[in-house]
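Here the structure comes first, spelled out in structure tokens, and everything after it is commentary.
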Amino acid sequence: MEDVSAANAVEDREHKFLTKAIEEAYKGAECGDGRPFGAVIVRNDEVVVSCHNMVLRNTDPTAHAEVTAIREACTKLNQIDLSDCEMYASCEPCPMCFGAIQRSRVKRLVYGARADAASSFVSVGFISDALRGTGFYEKAQLEIKKADGALAVLAEEVFEKTRFMFRPAN
């Protein structure tokens, strides 16, 4: 019985924080800051930062939601080691973001949508092999979990519902 309630508690907190990341994805797209991607960094069950893609607003191709969240969390916590933090991302991170996640030592990544759901926004063939554990040079040293069920569908819907706001990705 304890295992079931513990699993439910983990699922509830994952739902809470991943939903917040998805809300950030909508927020960023709706205000025109960038494409519909969101990320939340959590420490001790508290949100440290909640960010969205800022590429257009900052005229910075590296201002993806995950990188922006890492930058803001490091500044807020006054440290570059986020090994006591988790990240919740609305979508499977690109290689740049995944590299930043690894370098910041985030201990756990939970993402919503698969990269191919965002195919009109990203180059799908360029997703890091490390996410799938097939990276040649370096295996991921963090726990990675893909959301499933209704939460995964919710995360993927953000791309369908905001597609009209952007030109197709090159």
Side-chain angles (χ1 to χ4, degrees), residues 10-77 82 85-104 106 108-128 131 142 144-170:
V10 168
E11 191 174 303
D12 288 347
R13 66 186 293 285
E14 287 176 355
H15 185 274
K16 172 184 170 182
F17 296 129
L18 194 50
T19 298
K20 184 139 184 76
I22 294 165
E23 289 169 358
E24 278 291 337
Y26 279 112
K27 179 179 170 185
E30 289 167 359
C31 71
D33 285 347
R35 307 243 184 233
F37 299 94
V40 174
I41 294 184
V42 175
R43 182 169 75 168
N44 300 326
D45 288 334
E46 296 291 327
V47 173
V48 176
V49 295
S50 181
C51 299
H52 55 263
N53 183 293
M54 300 287 283
V55 168
L56 300 175
R57 180 178 187 185
N58 294 350
T59 319
D60 177 358
T62 68
H64 291 194
E66 299 90 339
V67 172
T68 301
I70 289 168
R71 289 173 180 160
E72 289 188 18
C74 288
T75 298
K76 185 173 183 177
L77 298 172
L82 301 178
C85 298
E86 300 172 310
M87 178 179 285
Y88 294 82
S90 63
C91 187
E92 182 177 4
C94 74
M96 175 188 71
C97 292
F98 188 73
I101 292 164
Q102 284 188 294
R103 292 293 172 221
S104 69
V106 166
R108 187 165 187 258
L109 166 67
V110 177
Y111 66 94
R114 291 182 333 271
D116 58 354
S119 63
S120 63
F121 299 100
V122 297
S123 176
V124 173
F126 195 57
I127 297 302
S128 177
L131 280 172
L142 69 147
I144 301 170
K145 180 181 178 188
K146 162 73 176 86
D148 56 10
L151 197 53
V153 171
L154 186 65
E156 291 176 5
E157 283 177 351
V158 69
F159 302 109
E160 284 299 317
K161 291 181 177 179
T162 62
R163 178 169 284 133
F164 70 94
M165 301 170 130
F166 303 95
R167 294 180 311 164
N170 295 333

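Just the heavy atoms: all of them, side chains too, but no hydrogens, waters or symmetry mates, feed the values below.
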Report the distance from atom [atom1] of [X] to atom [atom2] of [Y], rounding to the nearest 0.5 Å.
| X | Y | atom1 | atom2 | answer |
| --- | --- | --- | --- | --- |
| I101 | R108 | CD1 | CZ | 13.0 Å |
| H64 | I70 | NE2 | CD1 | 12.0 Å |
| N53 | R35 | CG | CZ | 8.5 Å |

Which atom of [X] lies closest to which atom of [Y], heavy atoms considered:
| X | Y | result |
| --- | --- | --- |
| L18 | A89 | CD1-O, 3.2 Å |
| A25 | G38 | CB-N, 3.6 Å |
| C51 | E72 | SG-OE1, 3.3 Å |
| A115 | E92 | N-OE1, 2.9 Å |
| A73 | L82 | CB-CD1, 4.2 Å |
| C31 | H52 | SG-NE2, 4.1 Å |

Checklist entry - Hey, mind stepping through V49 and K76 against side chain to side chain contact (heavy atoms under 4.5 Å, CB included) and telling me if it holds? => result CA-CA 8 Å; V49 295; K76 185 173 183 177; 4.3 Å; yes
Checklist entry - Does any pair with a residue in residues 144-153 pass side-chain hydrogen bond (donor to acceptor under 3.5 Å, both in side chains), and if so which ones, sequence neighbours excluded? => result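 Matches after skipping sequence neighbours: E14-K145.
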Item to check | Non-neighbouring partners of Y26 that pass ring pair (Phe, Tyr, Trp, His ring centres under 6.0 Å), sequence neighbours left out | outcome: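 Ring pair (Phe, Tyr, Trp, His ring centres under 6.0 Å) check on Y26 returns nothing, list empty.
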So [Y] and [X], do their side chains get closer than 4.5 Å, heavy atoms only?
| X | Y | answer |
| --- | --- | --- |
| D12 | K16 | no |
| P36 | F159 | yes |
| V40 | M87 | no |
| V42 | V48 | no |
| C85 | L77 | yes |
| V158 | F37 | no |
| Y88 | I22 | no |
| S90 | E24 | no |

Next on the checklist: One pair to check against side chain to side chain contact (heavy atoms under 4.5 Å, CB included): F17 and V110. What are the steps and the verdict?
Outcome noted: CA-CA 9 Å; F17 296 129; V110 177; over 6 Å; no
Item to check | salt bridge (charged side-chain N to carboxylate O under 4.0 Å, His left out) involving D45 - partner list, sequence neighbours excluded | outcome: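 Testing D45 for salt bridge (charged side-chain N to carboxylate O under 4.0 Å, His left out), a comparison that skips the adjacent residues, returns R13.
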Item to check | Residues in side chain to side chain donor-acceptor pair (under 3.5 Å) contact with E30, at least two apart in sequence or another chain | outcome: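 Checked E30 against side chain to side chain donor-acceptor pair (under 3.5 Å); zero matches.
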Checklist entry - For T162, which residues count as a side chain to side chain donor-acceptor pair (under 3.5 Å) partner, sequence neighbours excluded? => result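 Counting only residues at least two positions away or on another chain, T162 forms no side chain to side chain donor-acceptor pair (under 3.5 Å).
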Using distance only, find each side-chain donor-acceptor pair of residues 55-62 under 3.5 Å and give its atom names and separation, not counting sequence neighbours.
| residue | atom | partner | partner atom | Å |
| --- | --- | --- | --- | --- |
| D60 | OD1 | T62 | N | 2.8 |
| D60 | OD1 | T62 | OG1 | 2.6 |
| D60 | OD2 | T62 | OG1 | 3.3 |
| T62 | OG1 | R71 | NH2 | 3.1 |

Next on the checklist: If the threshold is 4.0 Å, N to carboxylate O, is there a salt bridge linking E46 and R43?
Outcome noted: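 Salt bridge: no.
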